[in-house]
Amino acid sequence: MPEEEEEKPQQPIIVVKKKGGHGGHHGGAWKVAYADFVTAMMAFFLVMWLVTQSDEVKQAVAGYFNDPANYGKMIKGSGVLKGSPAPRTTDPMLEKRNELMLLRKAAQNIKRVMEDNPEITGLRDQVEMTITPRGLRIQLVDKGIEQTFFELGSAKLSQEAKKIIQIIGEELGSLPNDIVVEGHTDRRKYSRKDYTNWELSADRANTARRVLVESGVKDHQLFSVEGYADRFPKILDDPYDERNRRIAILVLIKSESTRYYTDSEELEDIF
């Protein structure tokens, strides 16, 4: 028998396993791309949510991004999403300028309507309108003896004067602003001892107030009705001048309305 072949030693079997998927080729790049996608979607939905919110919420979000460090202090104790008022983020000076621009437009509307009305040609030129730091000041100024808004020594308006105040009231009633009505006289003494320029100026202011309300001014717009007699003459060097007899209607900007309450809010109740 042939000799048996010498038994060869067995070679070790090596199994090579390849990793599946693309991770072996691309590493973690897909994770970065996915994170960017999620971030973009969050930003998109945040913008879509913000577009549907009220102006208060939008101002609150803007306030946070403008000053995130101090914003928490500003709204401590309040929650914008719970319906509480958002803090003011607008520039007070810019807001004041915008208010004065609206009042200037109101004055232009009043002037245009008066110019188109043929019934008030006699007194139309005696209506003076000026923009002041406090707001819009409208003055109905007497001129001579014939060109007067009220009957001499009386709180009764002429028909032409009433029509002018109605035109003013129709325009001011469309505004949110508070209104002050003032009555002024010259220094001529009233003929009755029991009725002075103080009563006359106050009664004339109240007459103007009633016509303003009848014409569209809301009752809550009326801040005050004041009679000053001859204490604030228009013509400083001649307190007897007829032009000192006038009705002044002051349309206040918001900051002027609120400042009158400041002192009373800070006073301690001692009674």
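What you see is a predicted model; the values in this text were computed from it and never measured. One-based numbering along the sequence shown.
Taken from CD in Gln126 to CD1 in Ile164, the straight-line distance is 8.0 Å, to the nearest 0.5 Å. Atom CD of Glu128 is separated from atom CD1 of Ile138 by 11.5 Å, given to the nearest 0.5 angstrom. Once rounded to the nearest 0.5 Å, the distance linking CG of Leu140 with OG1 of Thr148 reads 11.5 Å. Expressed to the nearest 0.5 Å, how far OG1 of Thr185 lies from CD of Glu199 amounts to 10.5 Å. Remark: Ile165 CD1 to Ile120 CD1 distance equals 11.5 Å, nearest 0.5 Å.
Between Met114 and Asn117 the shortest side-chain heavy-atom distance does not fall below 4.5 Å. At a threshold of 4.5 Å between non-hydrogen side-chain atoms, the residues Arg209 and Leu222 count as touching. Put simply, the side chain of Ile179 does not reach to within 4.5 Å of the side chain of Leu252, judged on heavy atoms. Taking 4.5 Å as the limit, every side-chain heavy atom of Arg245 sits out of range of all side-chain heavy atoms of Phe149. No side-chain heavy atom of Met101 sits less than 4.5 Å from a side-chain heavy atom of Lys105. At a threshold of 4.5 Å between non-hydrogen side-chain atoms, the residues Leu102 and Asn177 do not count as touching. Contact annotation: the side chain of Leu200 never approaches that of Asp203 to less than 4.5 Å [non-hydrogen atoms, C-beta and beyond]. Contact annotation: the side chain of Thr207 approaches that of Arg210 to within less than 4.5 Å [non-hydrogen atoms, C-beta and beyond].
One N or O on the side chain of Arg124 and one on the backbone of Glu115 form a donor-acceptor pair closer than 3.5 Å. For Ser201 (side chain) and His184 (main-chain N/O), no donor-acceptor pair under 3.5 Å exists by modelled atom type. Judged by distance alone, the side chain of Glu256 and the main-chain N or O of Gly135 form no donor-acceptor pair under 3.5 Å.
The side chain to side chain donor-acceptor pair (under 3.5 Å) contacts involving residues 213-232 comprise Arg187-Asp230, Ser224-Glu226, Glu226-Tyr228, where partners must be two or more places apart or lie in separate chains. Evaluation of the side chain to side chain donor-acceptor pair (under 3.5 Å) test over residues 156-172, restricted to residues two or more places apart or in two chains, returns Asn109-Glu171.
In terms of hydrophobic clustering, with Ile, Leu, Val, Met, Phe, Trp and Tyr side chains grouped at heavy-atom distances under 4.5 Å, Trp198 and Val181 are assigned to different clusters. In the hydrophobic cluster analysis, where Ile, Leu, Val, Met, Phe, Trp and Tyr join through side-chain heavy atoms closer than 4.5 angstrom, Val141 is grouped apart from Leu136. The hydrophobic clustering, which links ILVMFWY residues whose side-chain heavy atoms are closer than 4.5 Å, places Ile247 and Leu152 apart. The cluster map of Ile, Leu, Val, Met, Phe, Trp and Tyr, joined by side-chain heavy atoms under 4.5 Å apart, puts Ile249 and Val127 in the same cluster. Under a hydrophobic-cluster definition in which Ile, Leu, Val, Met, Phe, Trp and Tyr are linked whenever side-chain heavy atoms come within less than 4.5 Å, directly or via other members, Leu236 and Phe232 are assigned to different clusters.
In terms of heavy atoms, Arg188 sits closest to Glu242 at NH2-OE2, 4.2 Å. Pro239 and Pro233 make their closest contact through CA-CB, 4.5 Å (heavy atoms, listed as atom of the first residue, atom of the second, distance). Among all heavy-atom pairs drawn from Val225 and Ala205, the shortest one is CG1-CB, 3.7 Å. Asn197 and Asp186 get closest at one heavy-atom pair: ND2-O, 3.3 Å. For the residue pair Leu157 and Val211, the shortest heavy atom distance occurs at CD1-CG2, 3.8 Å. Pairing each heavy atom of Leu100 with each of Thr132, the nearest pair is CD2-O, 3.7 Å.
Enclosure of atom CZ in Arg104 is not indicated, since only 12 or fewer non-hydrogen atoms of other residues, nucleotides or ligands lie within 6.0 angstrom. Within a 6.0 Å sphere centred on CZ of Arg243, heavy atoms belonging to other residues, nucleotides or ligands number 12 at most. Residue Tyr195 qualifies as enclosed at atom OH: its count of foreign heavy atoms under 6.0 Å is above 12.
Each of Leu172, Asp116, Val113 was checked for a side chain to side chain contact (heavy atoms under 4.5 Å, CB included) with Ile167, and the lone residue meeting it is Val113.
The side-chain hydrogen bond (donor to acceptor under 3.5 Å, both in side chains) search around Arg246 returns Gln139, not counting sequence neighbours.
Note on Glu182 versus Arg137: salt bridge recorded, some NZ/NE/NH1/NH2 to OD/OE distance being below 4.0 Å.
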Candidate pair Met42 and Thr39, rule side-chain contact (heavy atoms from CB on, under 4.5 Å), full reasoning: CA-CA 5 Å; Met42 288 179 62; Thr39 302; 5.7 Å; no

